[in-house]
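These notes are about the structure you will find just below.
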Amino acid sequence: MKFQRKLPPVIFLKALGMTALALFLSMVMMQPFTVSTSTLLSPHERKDFKITDFYNIVADSRDVRQLDDDIVIVNIDNSDREEIAMMLDRLMSFQPKAVGLDVTFDERRDSIVDEYLEAVADNFPNLIEAITVTPDEKESGKFDISEHSFYIDSTKFDRVGVVNLPKKFDGGVVRQFIVGTQLLDGDTLYSLPVKIAMLVAPDKVDLLRARSATLETINYPSRIYRSVDAADIDSFAGLIEDRIVLIGAMNDLGDKHLTPLGSPMPGVEIHARALSTILSGDYIKVVPQWLNIFAAALVCYLFLLLNLALKVTFKGLILRLLQVMLLYLILVFSYSVFINHNVLVDFSFTLLMVTFGLFAFDIWMGGQALYNFLRDKIRKHNSK
């Protein structure tokens, strides 16, 4: 390959202008897809797909699996209210470290069963129960209480955890968990995973609070959990003792949600993965969007500068090959830092800007040729 020995300043300015044009084209391209341009690569029925989900899918497809020895999931798919109350009563004698109940009993039904359920719940010392919230229509950033069990009132809010799963729209992907929500009266309700962590590992919650985030990204890949059916818990008393127990429906279609791993997951397992993220301290460090855009512009600028400086016969072919190689290296680098360092880099802009880089070059050079043509025409006309 041959390069110009000394690049004139105008070439640096040209590369900068072409980069700005590539950035503009990328911004225009991103507008129809508010989540990510990688929506183009996703199935039609899955409208909420980010290019960073790809890292989770690939990472989770590895043979590596980590059994979380702290958490046991109890499945209540086929259990009615009375059976759940009896299961909780037996569960208390197994001395779990903490219990999270991902179900609400919003209405009274059978007085005898309801009284029994309420008595069991009230006497369970380390039981955290579910509550849901909705955004207040008038005051942004504040929430109203939505649903909770009939025997829970404001005097018992210290034993509830918010089970809302944040997503951009109904049917969207759950990538984060709620840390805390502020109510209209100024009180704060914490999510179910955070509330359980407060009981079993307050030092881990201190670390979480130090991050000062309202939402935290869930570390999804390669985690598995022990799961037992509610009817079989007596056989697993030793497994449950001194462990965290999360109770919920594993096969309820109404409580299955899309995740970055690609397949729907029950809400109780999503809470388990959020809790694992807190207890392990393996937080995902999300690169801010401005830095993603700056990195994309820098890579595109260097690529265009190479284009302007390169002097070789098969320049077009070489640049196309370099473009494909560069995109591949970006993908490998982004996946590597995610796996090895828990850093989430969104390379959507980089992918677009490198893709549009040569297009911006063609537009720029075409515009320059048109300008020179018109200039010569005008000069020739004026010289007559």
Side-chain angles (χ1 to χ4, degrees), residues 1-33 35-43 49-59 61-62 262 287 289-341 343-372:
M1 294 185 186
K2 294 182 180 180
F3 299 91
Q4 296 185 35
R5 291 185 177 180
K6 187 175 181 181
L7 298 179
V10 68
I11 286 186
F12 294 95
L13 293 176
K14 277 187 178 181
L16 187 61
M18 293 174 187
T19 302
L21 179 57
L23 176 60
F24 171 76
L25 293 171
S26 299
M27 290 285 192
V28 171
M29 187 64 181
M30 288 286 274
Q31 286 306 311
F33 310 102
V35 178
S36 170
T37 50
S38 53
T39 310
L40 291 169
L41 308 175
S42 65
F49 181 83
K50 296 185 74 172
I51 201 72
T52 50
D53 294 348
F54 173 75
Y55 311 147
N56 285 276
I57 294 171
V58 175
S61 65
R62 299 174 301 166
V287 174
Q289 188 68 337
W290 69 265
L291 189 55
N292 288 322
I293 295 174
F294 175 79
L298 179 61
V299 170
C300 183
Y301 175 77
L302 294 175
F303 179 68
L304 288 169
L305 195 61
L306 175 66
N307 185 9
L308 291 168
L310 187 62
K311 301 297 180 182
V312 68
T313 305
F314 301 104
K315 179 178 176 178
L317 176 61
I318 292 173
L319 286 173
R320 291 297 178 186
L321 292 174
L322 286 175
Q323 188 180 44
V324 173
M325 186 182 301
L326 184 58
L327 293 175
Y328 174 76
L329 291 175
I330 291 168
L331 177 62
V332 171
F333 169 78
S334 301
Y335 173 74
S336 177
V337 295
F338 175 71
I339 291 297
N340 298 319
H341 304 287
V343 176
L344 196 60
V345 182
D346 186 349
F347 68 93
S348 298
F349 262 105
T350 306
L351 185 150
L352 277 176
M353 288 193 67
V354 173
T355 301
F356 280 122
L358 293 182
F359 183 48
F361 173 83
D362 292 337
I363 293 176
W364 186 281
M365 299 307 291
Q368 183 175 312
L370 179 62
Y371 169 79
N372 291 336

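Every heavy atom of this structure was used, including side-chain atoms; hydrogens, water molecules and symmetry mates were not.
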Could you give the distance from CG (Asn56) to CD1 (Ile339), rounded to the nearest 0.5 Å?
-> 8.0 Å

Could you go step by step and tell me if Leu308 and Phe361 meet the side chain to side chain contact (heavy atoms under 4.5 Å, CB included) rule?
-> CA-CA 9 Å; Leu308 291 168; Phe361 173 83; 3.5 Å; yes

Take Asn292 and Thr350 through the side chain to side chain contact (heavy atoms under 4.5 Å, CB included) test and state the conclusion after the steps.
-> CA-CA 8 Å; Asn292 288 322; Thr350 306; over 6 Å; no

Can you establish whether the number of heavy atoms outside Phe356 located under 6.0 Å from its atom CZ is more than 12?
-> yes

Can you list the residues that meet the ring-ring contact (aromatic ring centres under 6.0 Å, His included) rule with Tyr55, with sequence neighbours excluded?
-> Phe338

So, the side chain of Ser61 versus the backbone of Val58: is there a donor-acceptor pair under 3.5 Å, distance only?
-> yes

In terms of heavy-atom contacts, Tyr301 and Ala15 come closest through CE1-CB, 3.5 Å

Atom CD1 in Ile330, atom CZ in Phe333: separation rounded to 0.5 Å?
-> 10.0 Å

Would you mind listing every side-chain hydrogen bond (donor to acceptor under 3.5 Å, both in side chains) that reaches into residues 317-327, with sequence neighbours excluded?
-> Arg320-Gln323

One should read off an interatomic distance between Ile363 CD1 and Gln368 CD, to the nearest 0.5 angstrom, of 14.0 Å

Atom pair CE (Met365) and CG (Asn372), whose distance is rounded to the nearest 0.5 Å | 9.0 Å

Check Ala22 against Ala360 and note the closest heavy-atom contact, atom names and distance.
-> N-CB, 3.9 Å

So OG1 of Thr19 and CG of Leu304: to nearest 0.5 Å the spacing works out to 4.5 Å

Out of Thr52, Leu344, Val343, Val337, which one pairs with Val287 under the side chain to side chain contact (heavy atoms under 4.5 Å, CB included) rule?
-> Val343

When you measure from the side chain of Thr355 to the backbone N and O of Leu351, does any donor-acceptor pair fall under 3.5 Å?
-> yes

Nearest-0.5 Å distance that lies between atom CG in Leu322 and atom CG in Leu317 | 9.5 Å

Identify the heavy atoms of Leu331 and Phe347 that sit nearest to each other, and give their distance.
-> CD1-CZ, 3.6 Å

Mind checking whether Ile293 and Leu23 have side chains closer than 4.5 Å, heavy atoms only?
-> yes

